[in-house]
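Data first, discussion second: the structure below is written as C-alpha cells.
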There are 2 protein chains.
Amino acid sequence: MEEHLEKLRASGRKVTPRRKAIIQLFLQEQSDLSPQDVQEALSGATGQFGLPGIYRNLEVLTTCGILFRVVTYGGERRYALCKAGHGEGHHHHIVCIACRKVGKVSDCLYKDGMMVEGFRLVSHVVQLNGLCESCAREKNDLSALQELRQQG
Amino acid sequence: MEEHLEKLRASGRKVTPRRKAIIQLFLQEQSDLSPQDVQEALSGATGQFGLPGIYRNLEVLTTCGILFRVVTYGGERRYALCKAGHGEGHHHHIVCIACRKVGKVSDCLYKDGMMVEGFRLVSHVVQLNGLCESCAREKNDLSALQELRQQG
DNA sequence: CTCTAAACAGAAATAATTTCCATTTGGCAA
DNA sequence: TTGCCAAATGGAAATTATTTCTGTTTAGAG
C-alpha cells in the first residue's frame with residue numbers, strides 16, 4: 001500500500017480516504033475492475049461512492065501509475081493494479097484468463113523505432129492474456145480457453 | 001469492393017445498400033471511423049442512417065472480417081478496413097499516426113502458446129502505431145510524434 | 001415470381017460518461 | 001498547532017453512447 005501512496009505523492013496528488021479505499025480494493029480483489037465494480041464494492045462500506053468520483057479517481061490513479069487500464073478488443077473500461085514499481089519504464093501486463101492474476105512484462109518484443117512491415121514503430125498497445133503457472137497446472141481441459149480466447 | 005462483398009456472402013450475410021455504402025465510405029476515407037463519424041458521413045447522401053443500424057452493421061462487417069476494431073488505450077470505438085484477404089488467419093494491424101494508413105502485420109512476434117513471464121500465452125491484443133514510408137520521409141521533425149505517442 | 005429469414009427504421013429505454021457547482025479537506029507554511 | 005487554499009468530494013443533472021424493441025421492407029434462394 002505504502003508504495004502506491006508514494007506514487008500519489010510523487011505526482012503531487014493528495015492522499016485521501018477515497019483513494020486509499022480504492023487502492024485497498026484493488027489490493028484485495030486480485031481481478032481487474034470496472035468503475036461500476038468499484039462502486040458496488042465500496043458502497044455501503046464507507047457511505048456512498050458516486051460514479052463521477054470513481055471515474056475521476058481511477059483516472060488519477062492511472063495517471064500516476066498506480067493502476068493501468070486493461071486493453072480488450074471490446075474496449076470495456078477496466079482497471080488493474082500496475083505491477084511496475086515507481087520509476088520503471090515501458091512495460092506491459094499479462095492477465096491470467098482463469099484467476100485474473102496480473103503479471104508484468106518488462107521486455108516487450110516490440111520496440112519503438114523498429115521497422116514493421118515498412119512502418120517505423122512509434123508506439124504500441126500490447127495486452128497479453130494467458131494462464132499463470134498454477135492455473136495452467138489445473139486446467140488441462142482446453143474448453144475454458146476457447147471461450148476466453150476471443151475476449152482479447 | 002467486390003472482395004469485401006465476397007466476405008459478406010461467404011459468411012451467409014446479405015449484401016445490402018447500407019452495407020455497401022458503409023464499405024464504400026471506408027474505402028474512400030482512409031482513416032478509421034467511429035459510428036458517429038459514419039453517421040455524419042452517410043447522412044444526407046442516402047437519406048437518414050440511424051445509429052442503431054450503424055452499430056449493427058459495423059458489428060456484422062467486423063464479424064465477417066471486412067472491418068476490424070482499432071484498439072486504443074482509451075477504448076474509443078473505431079473501425080477500419082481490414083487489410084487481410086479472405087481466409088487469412090491471425091494478424092494485426094499497424095496504423096500510420098500521420099496519414100492513418102493501415103498496414104497488415106502477418107507475423108506477430110507473439111505466438112499463442114509461448115511462455116511469457118511464467119504465463120502460457122492464450123491470446124493477445126496488439127495494435128501498432130507508426131509512420132508509413134512516405135510519412136516517415138516527410139516527418140523528420142519528431143514533435144508530432146511525441147504528441148501522438150500516448151494515444152496508443 | 002414468391003416466399004422467408006434477414007435487414008431496416010426509428011422511437012424509446014438503458015447505460016456510460018462528463019459537467020457543474022457548492023462544500024469539504026489534506027497538507028504546507030506560519 | 002493553526003489557518004489557508006488548491007485540490008478533492010458529493011451528487012444532481014446533462015450529455016453521449018449503446019441496446020432493445022417492434023413493425024415494415026427487402027435480398028436472394030428456389
Side-chain angles (χ1 to χ4, degrees), chain A residues 1-2 4-25 32-64 66-67 69-79, chain B residues 1-2 4-25 32-64 66-67 69-79:
Chain A
M1 167 61 94
E2 187 51 39
H4 297 301
L5 300 186
E6 202 42 61
K7 287 183 184 177
L8 260 180
R9 295 192 192 98
S11 77
R13 319 314 280 270
K14 291 180 180 176
V15 173
T16 70
R18 287 282 143 124
R19 288 170 185 175
K20 282 198 274 192
I22 292 176
I23 294 170
Q24 189 63 57
L25 173 65
D32 48 350
L33 301 170
S34 68
Q36 290 72 22
D37 291 335
V38 173
Q39 176 177 53
E40 183 173 351
L42 294 185
S43 285
T46 327
Q48 289 302 306
F49 266 60
L51 272 174
I54 291 171
Y55 274 84
R56 262 191 317 249
N57 278 319
L58 290 175
E59 172 73 16
V60 167
L61 296 180
T62 298
T63 298
C64 62
I66 296 170
L67 303 179
R69 182 157 168 188
V70 177
V71 176
T72 70
Y73 274 124
E76 310 88 28
R77 186 185 289 258
R78 303 188 69 76
Y79 297 84
Chain B
M1 168 60 94
E2 186 49 41
H4 297 300
L5 301 186
E6 202 42 61
K7 287 184 184 176
L8 260 181
R9 295 193 192 97
S11 77
R13 321 312 281 270
K14 290 180 181 175
V15 173
T16 71
R18 288 281 145 126
R19 289 169 184 175
K20 282 198 273 192
I22 293 176
I23 295 170
Q24 189 63 57
L25 173 64
D32 49 350
L33 300 169
S34 68
Q36 290 71 23
D37 291 336
V38 172
Q39 176 177 52
E40 183 174 351
L42 294 186
S43 285
T46 327
Q48 289 302 306
F49 266 62
L51 272 174
I54 291 171
Y55 274 85
R56 262 192 318 252
N57 279 318
L58 290 175
E59 172 74 16
V60 167
L61 296 179
T62 299
T63 298
C64 63
I66 296 171
L67 302 179
R69 183 158 167 188
V70 177
V71 176
T72 70
Y73 274 122
E76 309 87 27
R77 186 185 288 259
R78 304 188 67 78
Y79 297 85

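Sequence lines set the chain letters: A, B, ... in the order given, protein chains first and strands last, and positions in each chain run from 1. Values reported hereafter were calculated over all heavy atoms of this structure, with side chains retained and with hydrogens, waters and symmetry mates removed.
- Exactly one of A/I54, A/V38, A/L67 qualifies for a side chain to side chain contact (heavy atoms under 4.5 Å, CB included) with A/L33. That residue is A/V38.
- Comparing the helix axis at one end of the helix from C/dC1-D/dG30 to C/dA30-D/dT1 with that at the other, each defined from 5 consecutive pairs, gives an inter-axis angle of 40° (nearest 10°).
- Every residue meeting the side-chain contact (heavy atoms from CB on, under 4.5 Å) condition with B/E59, not counting sequence neighbours, appears here in chain and number order: B/T63.
- Evaluation of the side-chain contact (heavy atoms from CB on, under 4.5 Å) rule for B/R77 yields B/P35, B/Y55, B/R69, B/Y79 as partners, not counting sequence neighbours.
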Using a 4.0 Å heavy-atom cut-off, write out nucleotides 24-30 of chain D from 5' to 3' as B (base contacted by protein), S (sugar-phosphate only) or - (no contact).
--BBS--
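- Remark: B/D32 engages B/R78, B/R100 in a side-chain hydrogen bond (donor to acceptor under 3.5 Å, both in side chains) (not counting sequence neighbours).
- Partners of B/R19 under the side-chain hydrogen bond (donor to acceptor under 3.5 Å, both in side chains) rule, at least two apart in sequence or in another chain, are B/N57.
- A search for side-chain hydrogen bond (donor to acceptor under 3.5 Å, both in side chains) contacts involving A/R56 returns nothing, not counting sequence neighbours.
- Applying the 4.0 Å criterion to OP1 and OP2 of C/dA7, one finds that B/R18 has every side-chain N and O outside that range.
- Regarding A/D37, its CG atom lies at a distance of 12 Å from the P atom of C/dT17, rounded to whole Å.
- At least one side-chain heavy atom of B/L5 sits under 4.5 Å from a side-chain heavy atom of B/I23.
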Readout for nucleotides 14-21 of chain D: B = base within 4.0 Å of protein heavy atom, S = sugar-phosphate only, - = neither; 5' to 3' it is ---SBBBB
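- Take B/T62 and apply the side-chain hydrogen bond (donor to acceptor under 3.5 Å, both in side chains) test, not counting sequence neighbours, and it matches no residue.
- Taking the nucleotide of DNA chain D with the nearest heavy atom to each of A/G12 and A/G50, the more 5' of the two is matched to A/G12.
- Atom-to-atom, CZ of A/F49 to P of C/dT17 comes out at 19 Å; the value is rounded to the nearest Å.
- Using a 4.5 Å cut-off on side-chain heavy atoms (C-beta onward), A/K20 and A/V15 make contact.
- Atoms CD (A/Q39) and C1' (C/dT17) sit 13 Å apart, rounded to a whole Å.
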Determine whether A/I66 and A/I22 satisfy the following criterion, side chain to side chain contact (heavy atoms under 4.5 Å, CB included), listing intermediate values before the conclusion.
CA-CA 11 Å; A/I66 296 170; A/I22 292 176; over 6 Å; no
